[in-house]
Amino acid sequence: MQRDLSIPRHVAIVMDGNGRWAKKRFLPRFFGHKAGVDALVRLIDACSVRGISYLTVFAFSSENWKRPEDEVSGLMGLVAVAQAKYLAKMAKNGVRIVVVGERDTVSERLRKAWAEAEESTRHNTRITLSICFNYGGRWDMVQACRKAVAAGLKAEQIDEASLSRFMAMAHAPDPDLFIRTGGEVRISNFLLWQSAYSEFVFTDCLWPDFGEAELDAALADYAGRERRFGGVTPAVPVHAG
Ligand code: FPP
């Protein structure tokens, strides 16, 4: 059956605005991140119901280590909170979790949490949630090049297709729709390689407030775009995954 091309197969999101959401309520920033996790869990279902097969979110960037120590440890601790609250439900609801990012520089506890989340959901097929954590688009390109060299690829064997196989998002097609909440209009080192032909939607909505209505507005915007992938006529995306 032909897929409905007006619906993106893969949506990627920069979940920005948690801190401001908390500040508006005179709460510490951590509460904004906590509300952000709840918003994410609600959105997974909303995406799946609308026929979106891949959802990828920016949860912690390579640069977020520069934040105050208590905020960094709060975000790390939130992984355990989210796991206890939601992992069993996601596993049961058909969500496959893939964690993308540098693992060597996070704690053993976090590595175990990621391994458990991936292992307990790996047979699920309803929707793939990629959580980019300790991730940066530049880091991804560098690690892909290193892997390609370690695998013995010669310079003349390196091209877009061969390098793509070593990128951290090789399990998914490129994102069709890239959303950033929170009012800033920049990419912030997210999916630099993969978003080459994504459609971008920027919204002022703060991430914890992003719900079905905001998703539908972004999808309506996407449905009205003409994707040409560098050509002159509307084209069908070439998907890797
Ligand atoms: C940006 O808002 C948000 C982040 C740096 C973190 C996003 C993380 C989550 C929603 C939690 C995800 C966690 C798991 C375990 C999946 P900001 O702090 O920059 O907000 P501001 O721009 O208003 O200050």
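As the structure lists them, so they are numbered: ligands from 1, and atoms in each ligand from 1.
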Please state whether G17 comes within less than 4.0 angstrom of ligand 1, counting heavy atoms only.
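Heavy atoms of G17 do come under 4.0 Å of ligand 1.
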Has R29 got any heavy atom lying under 4.0 angstrom from an atom of ligand 1?
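Yes, R29 has a heavy atom closer than 4.0 Å to ligand 1.
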Checking a contact table here: which protein heavy atom is nearest [atom], and how many Å away?
atom                    : value
atom 4 (C) of ligand 1  : H33 CE1, 3.9 Å
atom 11 (C) of ligand 1 : V37 CG2, 3.7 Å
atom 16 (C) of ligand 1 : L40 CD2, 3.9 Å
atom 17 (P) of ligand 1 : D16 OD1, 3.5 Å
atom 20 (O) of ligand 1 : G19 N, 3.0 Å
atom 3 (C) of ligand 1  : M15 O, 3.2 Å

Hey, is ligand 1 close enough to [X] that some N/O pair sits below 3.5 Å?
X   : answer
A59 : no
R20 : yes
N18 : yes

Does a salt bridge link [X] with [Y], judged by any charged N lying under 4.0 Å from a carboxylate O?
X    : Y    : answer
D176 : R227 : yes
R122 : E118 : no
E108 : R111 : yes
D221 : R225 : yes

At under 4.0 Å between heavy atoms, is it the side chain or the backbone of [X] that contacts ligand 1, or both, or neither?
X    : value
N64  : side chain
E184 : neither
K24  : neither

R67 neighbourhood, listing ligand 1 atoms whose heavy-atom distance to it stays under 4.0 Å:
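Those atoms are 5 (C), 17 (P), 18 (O), 19 (O).
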The test is salt bridge (charged side-chain N to carboxylate O under 4.0 Å, His left out); show your working for R50 and D4 and say whether it passes.
CA-CA 11 Å; R50 286 158 180 77; D4 178 358; over 6 Å; no
Residues that W21 engages under ring-ring contact (aromatic ring centres under 6.0 Å, His included), provided they are two or more places apart
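Here no residue qualifies.
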Listed by chain and number, what are the side-chain hydrogen bond (donor to acceptor under 3.5 Å, both in side chains) partners of S188, not counting sequence neighbours?
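If we apply the side-chain hydrogen bond (donor to acceptor under 3.5 Å, both in side chains) test to S188, skipping adjacent residues, the hits are R180.
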Under 30°, 30 to 60°, or over 60°: which ring-plane class applies to Y135 and W139, parallel, tilted or perpendicular?
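Y135 and W139: perpendicular rings.
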Taking E119 for the side chain and E116 for the main chain, is one N or O donor matched with an acceptor at less than 3.5 Å?
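No.
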Is T121 reaching over with its side chain to a backbone N or O of I97, donor-acceptor style, under 3.5 angstrom?
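Yes: the side chain of T121 pairs with the backbone of I97.
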